[in-house]
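For reference, the structure is listed below as structure tokens.
None of the values given here were measured: they were computed from a predicted structure. Each chain gets a letter, A, B and so on, in the order its sequence line appears, and its residues count up from 1.
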2 protein chains.
Amino acid sequence: MTAYTATSLKAELNERGWRLTPQRETILTIFQNLPKGNHLSAEDLYNLLSEEGHHISLSTIYRTLKLMARMGILRELELAEGHKHYEINQPAPYHHHHLICVRCNKTIEFKNDGILKTGSRTAQKEGYHLLDCQLIIHAICPTCQRSLLPI
Amino acid sequence: MTAYTATSLKAELNERGWRLTPQRETILTIFQNLPKGNHLSAEDLYNLLSEEGHHISLSTIYRTLKLMARMGILRELELAEGHKHYEINQPAPYHHHHLICVRCNKTIEFKNDGILKTGSRTAQKEGYHLLDCQLIIHAICPTCQRSLLPI
DNA sequence: AGCTTTATTGAGAAGGATACACAATAACTC
DNA sequence: GAGTTATTGTGTATCCTTCTCAATAAAGCT
Ligand SMILES: [Mn+2]
Ligand SMILES: [Mn+2]
Ligand SMILES: [Zn+2]
Ligand SMILES: [Zn+2]
């Protein structure tokens, strides 16, 4: 959960015998510059890259998202839309959680410092190396409560 | 997040114009009697039912799991195995969270009263009707840290 | 208890997100 | 700069979940 640069990413990859590629660097940059509150799916990322003139294959995108999530660079969000979303994983003052309406998928972000502390403490106590810690609240938003539509 | 009986489930279903079926009642019973710490996927549930002589189609199982999750009876867990798992949703003394190894999927349950309080307060503040509240910690377990296998 | 309405089921097919296979490429090490 | 091998791109495969639709059976009313 530290801020990555192309250089530090390369160092961490090489340390494990892996390589920094233009594709990986481009994808990291995209997430670093993503406005707060945005989350990208694999396809979102693919389209965003295309708009910017970068062609990176969907396979590489899926592989890179998974890689970066497992390195702790990105967090993988299950926002109840049937596919995963990703955002940059940031420490304390930016770290946040998600309140999700299970009917319309409207999502609200909120902060709570205690939760990350609880997560860190729990992981440490069990000898786990922490990657990400997210509180997910499944709920029904005011609009959907008023609507008469079933489930 | 209250304890359901067949009767109270029927009441809540009928109130919305829905019906209590033998399939739904059977599935509720399965989850109520599931030993602590167990989570079932759709296919797990299908097999468990088959062993007990109940034939309930996979379609119905998927529909029922989704229905009960959206009613707040079950909680839907994303345990990083590529498919969802479900468990009964219980209030305070039984309410718990999950610490998951993203490499081997080993999962540890832990309790923390403050988190459910935070979740309830946050949902209420935004006017959301709370269904479930779960802290997910993605991490790497001691065994996987020692293994040299990539990601 | 019987009748009517319509939510629900079961079987199979379809959909969609993600992973895989493998030859071509290119990042790293020396 | 050359050799090694991780990574990419393309197409294909896999698997979880949802959809379709005719048959069934709960619920509500007499
Ligand atoms: Mn977010
Ligand atoms: Mn559990
Ligand atoms: Zn909503
Ligand atoms: Zn592990």
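- Atom pair B:Ile56:CD1 and D:dA25:P shows a separation of 14 Å (rounding to whole Å applied).
- Rounded to whole Å, atom P of D:dT7 lies 15 Å from atom CG of A:Leu65.
- Within 6.0 Å of CD in B:Gln32 there are more than 12 heavy atoms belonging to other residues, nucleotides or ligands.
- Mapping A:Arg63 and B:Ser41 onto DNA chain D via the closest heavy atom, the residue that lands nearer the 5' end is A:Arg63.
- Within 6.0 Å of the CD atom in A:Gln124, the count of heavy atoms belonging to other residues, nucleotides or ligands does not exceed 12.
- Rounded to an integer number of Å, the gap from A:Glu78 CD to C:dT18 C1' is 12 Å.
- Looking only at distances, no side-chain donor or acceptor of B:Glu25 sits under 3.5 Å from a matching main-chain atom of B:Leu9.
- Where the helix from C:dA1-D:dT30 to C:dC30-D:dG1 starts and where it ends, the local axes point in directions that differ by 60°; five pairs per end, rounded to 10°.
- More than 12 heavy atoms of other residues, nucleotides or ligands sit less than 6.0 Å from atom NZ of A:Lys111.
- D:dT7 atom P lies 8 Å from atom CG of A:Leu67, rounded to whole Å.
- Residue A:Tyr62 places at least one side-chain N or O closer than 4.0 Å to OP1 or OP2 of C:dT18.
- Contact between the side-chain N/O atoms of B:Thr60 and the OP1/OP2 oxygens of C:dG10 is found at a separation under 4.0 Å.
- Within the 4.0 Å cut-off from OP1 or OP2 of C:dA11, at least one side-chain nitrogen or oxygen of B:His55 is found.
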- request: Going 5' to 3' through nucleotides 23-30 of chain C, assign each nucleotide B (protein heavy atom under 4.0 Å from a base atom), S (under 4.0 Å only from sugar-phosphate atoms) or - (no protein heavy atom that close).
  value: ---BBS--
field: Steps toward side chain to side chain donor-acceptor pair (under 3.5 Å) verdict (B:Ser57, B:Thr60)
entry: CA-CA 5 Å; B:Ser57 75; B:Thr60 297; 3.1 Å; yes
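- Regarding B:Glu81, its CD atom lies at a distance of 21 Å from the P atom of D:dT14, rounded to whole Å.
- For A:Ala123 against B:Ile137, the heavy-atom pair with the smallest separation is CB-CG2, 4.5 Å.
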Derivation and outcome, side chain to side chain donor-acceptor pair (under 3.5 Å), residues B:Gln134 and B:Asp132: CA-CA 7 Å; B:Gln134 46 177 306; B:Asp132 182 33; 3.0 Å; yes
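- Here the P atom of nucleotide D:dG9 and the NE2 atom of A:His54 are 12 Å apart, to the nearest Å.
- At whole-Å resolution of the value, CZ in B:Arg16 and C1' in C:dT6 are 18 Å apart.
- Considering only side-chain N and O atoms, A:Lys66 lies nowhere under 4.0 angstrom from the phosphate OP1 or OP2 of C:dT18.
- A donor-acceptor contact under 3.5 angstrom links the side-chain atoms of A:Ser59 to the base of C:dC20.
- For residues 22-51 of chain A, the ring pair (Phe, Tyr, Trp, His ring centres under 6.0 Å) pairs, not counting sequence neighbours, are A:His39-A:His98.
- Look at CD on A:Glu76: it is 15 Å from P on C:dA17, rounded to the nearest Å.
- Counting all heavy atoms, side chain and backbone alike, A:Arg70 lies closest to B:Ile140 at O-CD1, 4.4 Å.
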